[in-house]
Structures are given as structure tokens and as C-alpha cells.
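Keep in mind the model is a prediction, meaning the values are calculated, not measured.
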Amino acid sequence: MTAPTPRLRRDTRNKRLGGVCSGIARRYGLSTGGLRLAFVLSCVLPGPQILVYLVLWLVIPAG
């Protein structure tokens, strides 16, 4: 039997801004630093990345 996957929650202990990247990284077993770097690099591309981050900050519960 495998351990249950953690629920998607903002990480309030390992946060830089809102804990969204660290919460997503913990949920999916990704590197927190790698996910943050990917987000920052994606911000140079056209698109609604910052708006999506803000919406996720509001929608994902703190944990």
C-alpha cells in the first residue's frame, strides 16, 4: 500500500510570495526551486501567468 498523495494546499512554511509554487511542487513531487524558476522564466513570455498565479493564490487553501 502506498502513502496517500498530499492534498493541494499552499505551503505556508516554505513560501516566498503566496506559497503557490511550493504547494504545487509538494503535491506533485517536483522541485520547489525548479518550479519557481520555471514560473519566473515563463513570465518573459506573453500570457496571463501572473494573473493565473494570483487566482491560484486565492483558490488554493492555505495549509
Q49 to S42 - nearest heavy-atom pair and separation: NE2-O, 2.7 Å

Under 3.5 Å: donor-acceptor pair, side chain of R27, backbone of R7: no

Beyond-backbone contact of R26 with R9, side-chain heavy atoms, under 4.5 angstrom: yes

R36 vs R16 side-chain heavy atoms within contact, under 4.5 Å: yes

Residue pair F39 / V20, side-chain heavy-atom distance below 4.5 Å: no

L30 side, atom CG; L35 side, atom CG - distance, nearest 0.5 Å: 6.0 Å

Sub-4.5 Å side-chain heavy-atom contact between L56 and I24: yes

ILVMFWY clustering at 4.5 Å (side-chain atoms), partners of L58: none

Any donor-acceptor pair under 3.5 Å from S22 side chain to N14 backbone: yes

In one Ile/Leu/Val/Met/Phe/Trp/Tyr side-chain cluster, 4.5 Å: V52, Y28: yes

Distance-minimising heavy-atom pair for C21 and Y53: SG-CE1, 4.0 Å

Heavy-atom check, side chain of L17 versus side chain of W57, under 4.5 Å: yes

Enclosure of I50 CD1 (heavy-atom neighbours >12, cutoff 6.0 Å): no

Minimum-distance pair of heavy atoms, taken over all atoms of T12 and G63: OG1-O, 3.7 Å

